[in-house]
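Following: one structure in structure tokens, then a few remarks.
Chain identifiers are assigned alphabetically (A, B, ...) following the order of the sequence lines, protein sequences preceding nucleic acid strands; residue numbering begins at 1 within each chain.
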Amino acid sequence: MPKQPKSAISPTRQEDYPEWYQQVIKASDLAEASDVRGCMVIKPWGYALWENIQRALDRMFKDTGHENAYFPLFIPMSYLEKAAEHVEGFAKECAVVTHHRLEPGADGGLVPAGPLEEPLIVRPTSETIIGATYARWVQSYRDLPILLNQWANVVRWEMRTRMFLRTTEFLWQEGHTVHATQEEAVEETLRMLDVYADFAESYMAMPVIKGEKTAGERFPGAINTYSIEAMMQDRKGLQSGTSHFLGQNFARAQEIKFQDQNGQEVYAWTTSWGVSTRLIGGLIMTHGDDDGLILPPRLAPAHAVILPIYRNDQERGEVLEYCNRLKQQIEAEQFHAEPVRVKLDDRDMRGGEKSWRHIKRGVPLRLEIGPRDVGSDSVFLGRRDQPVKQKSGVPREQFVATVAEVLDEIQNNLFDRALQLRESNTCRIDAPAEFEAYFTPKNEEKPEIHGGFALCHFNDTPEMDEKLKKLKVTVRCVPLGGQDEPGRCIFTGRPSHRRGVFAKAY
RNA sequence: CGGGGCGUGGCGCAGUCUGGCUAGCGCACCUGCUUUGGGAGCAGGGGGUCGGAGGUUCGAAUCCUCUCGCCCCGACCA
């Protein structure tokens with residue numbers, strides 16, 4: 001008898017959600033903590049997932065007219081100073097490079113030497129360095145628009161870190177565009193927000209709300225910040241991508257100007273937008289269950305894993321031959337215009353343990369192949385979106401012919417499940433007392449999973465901020481596309497014409 | 001930066017209060033045998049000098065001083 005608990009991950013989501021999250025990352029081989037404060041090692045399985053995210057997004061960026069480029073990791077401090085004059089609320093949590101050499105120290109260690117004349121900042125984001133470059137590139141309206149993206153790492157010296165959700169160093173992409181007119185820049189901002197939402201829903205199977213940030217949540221220096229917001233299984237919100245309309249603020253700070261068709265010198269309009277490895281955190285918390293990770297097929301590094309079962313060398317030969325043939329047949333099938341990705345795991349270890357490993361890693365399909373299946377020319381199929389024990393035999397030919405459909409079915413199931421969670425935990429609230437009750441856990445000591453998304457009328461005032469801070473609730477966004485609706489601010493009673501999404505958030 | 005906690009084989013821990021037998025245990029790892037449609041059993045084995053420095057002592061993982069690092073709560077979060 002196995003001595004294992006009923007679920008592969010302990011504690012369960014219900015028992016301790018944050019700890020469950022950590023355990024899933026460990027059990028699924030996505031990443032691990034490193035010796036460097038706040039920095040993680042992304043393991044091959046996690047990185048393959050990131051590569052799939054990159055690939056899909058990159059294609060979407062190219063399809064919307066963008067090109068990739070690469071800008072320096074280091075930013076002269078003066079660039080940030082210049083921006084700080086124009087932009088309030090610039091963060092200071094940065095890694096600062098002050099020396100360029102190491103020398104032997106007195107106690108056998110090394111000491112920094114060769115101080116830099118001007119300190120360099122490890123980029124926390126690249127508006128300033130890219131803007132400085134754009135200032136040189138942009139002379140005429142004929143130089144516009146500039147539509148660039150870069151895949152890069154950035155560093156933000158955050159006080160508290162959580163794997164994937166907030167690490168000191170993280171991987172992301174940042175798009176930076178320059179336009180001749182406000183209309184074009186606004187259009188670009190919203191276009192990329194749409195790209196993010198489409199990616200989140202189509203690839204990640206993670207439903208999101210597109211919306212505009214309130215002033216307090218806005219990117220410093222931006223005129224408008226838009227985001228996509230998702231609900232995790234603990235009913236907290238996760239900002240999963242942002243798109244900023246920067247107006248002419250950065251252009252003014254960095255002298256990005258050009259002569260328009262009338263010969264007038266005018267400032268350009270800029271945007272920036274980004275998503276990061278945080279998406280992986282969102283993926284884990286949207287789909288994962290008490291047995292570990294569940295990967296949406298469109299992003300899974302492996303769609304299926306073949307697990308051969310045999311007792312002796314003769315069986316081994318027969319089973320492996322069948323498995324290899326099966327693998328080739330599956331790989332010949334297409335899933336969303338790409339070959340189906342299948343792995344054959346014939347490592348010499350016990351079947352149960354091996355099978356569980358792939359369950360924890362979230363592989364959508366498990367194909368267990370033993371002599372019996374070889375004999376009946378079938379596969380024994382387990383789906384990650386279904387209970388572990390719910391497995392069944394399927395004729396081989398039928399399986400191969402329908403593998404793409406099954407993957408799509410899983411993809412859609414995951415999305416529907418997530419959407420249902422969000423919908424059943426979203427409500428309109430118009431009474432202050434109800435609002436407070438909604439966001440107050442019954443057990444203050446060890447808060448249970450509670451709350452959700454509350455749609456409320458509001459005025460963006462200090463009174464609200466104070467109230468929200470006490471409850472640890474934030475305005476996630478004001479959803480786009482909704483209709484105006486007269487009402488009264490739940491905090492002040494003043495007239496309001498739109499509802500915002502309120503939630504606890506990561 | 002405030003409050004709390006912790007650093008002992010790869011991981012998780014016991015031992016520390018009340019210094020003293022070769023520093024233990026579980027998991028993982030290696031070997032062998034038996035098992036094999038499900039996270040195996042038995043036997044054997046490798047690996048640590050107890051975060052670091054200094055001190056007290058016949059003797060320190062255990063006591064004292066200093067120091068480094070990490071975790072949790074708060075502040076912070078481009």
Within the structure shown, what part of the strands sits under 4.0 Å from A:Phe380 by heavy-atom distance: base, sugar-phosphate, or nothing? base
Taking atom P in both B:G55 and B:C50, compute the distance separating them and give it to the nearest angstrom. 16 Å
If you measure from the C1' atom in B:A60 to the same atom in B:C64, how many Å do you get, rounded? 11 Å
With C1' as the reference atom in both, quote the distance from B:G47 to B:G41 in angstrom, rounded to an integer. 24 Å
Phosphate-side-chain proximity, A:Lys472 and B:G74, N/O vs OP1/OP2 below 4.0 Å: yes
Whole angstrom value for the distance that separates P of B:C27 from CD of A:Glu353: 13 Å
Is there a donor on the side chain of A:Arg156 or the base of B:C77 sitting less than 3.5 Å from an acceptor on the other? no
Could you work out, with salt bridge (charged side-chain N to carboxylate O under 4.0 Å, His left out) as the rule, every residue matching A:Asp291, not counting sequence neighbours? none
Pair A:Arg191 + A:Glu184: basic N to acidic O under 4.0 Å: no
Taking the inter-plane angle between the rings of A:Phe491 and A:Phe502 on a 0 to 90° scale, is it parallel (under 30°), tilted (30 to 60°) or perpendicular (over 60°)? tilted
Whole angstrom is fine here: how far is it from CZ in A:Arg350 over to C1' in B:C42? 14 Å
Across the strands shown, which category fits A:Arg357 at heavy-atom distances under 4.0 angstrom: base, sugar-phosphate, nothing? nothing
State the dot-bracket string of RNA chain B. Criteria: Watson-Crick or G-U wobble, both atom distances under 3.5 angstrom; notation: ( ) intrastrand, [ ] crossing earlier pairs, | interstrand, . unpaired. ((((((((.[[[[.)....(...]]]].((((((.....)))))).....[[[[[..)....]]]]])))))))....
Between B:G48 and B:C6 - P atom distance, rounded Å: 27 Å
Within 45° of the ring axis of A:Trp172 and under 6.0 Å from its six-membered ring centre, is that where the NZ or CZ of A:Arg156 lies? yes
Ignoring hydrogens and angles, state whether a donor on the side chain of A:Ser126 or A:Glu174 is under 3.5 Å from an acceptor on the partner side chain. yes
Would you mind classifying the nucleic acid contact of A:Lys354 as base, sugar-phosphate or nothing, using non-hydrogen atoms under 4.0 angstrom? nothing
Which whole number of Å gives the distance between the P atom of B:C68 and that of B:A53? 15 Å
B:G24 to B:U49 separation - P atoms, rounded to the nearest Å: 14 Å
P atoms of B:U18 and B:C13, separation to the nearest Å: 25 Å
When the side chains of residues 71-81 of chain A are checked against the rest of the protein, which donor-acceptor pairs come out under 3.5 Å, sequence neighbours left out?
from    : atom 1 : to       : atom 2 : distance (Å)
A:Ser78 : OG     : A:Glu118 : OE2    : 2.8

Over all strands shown, is A:Ser355 touching base, sugar-phosphate only, or nothing at heavy-atom distances under 4.0 angstrom? nothing
B:G12 C1' sits how many Å from A:Lys26 NZ, rounded? 8 Å
Same-atom distance (P) from B:C1 to B:U57, integer angstrom: 36 Å
Charged tip of A:Lys391 within 45° of A:Phe380 ring normal and under 6.0 Å: no
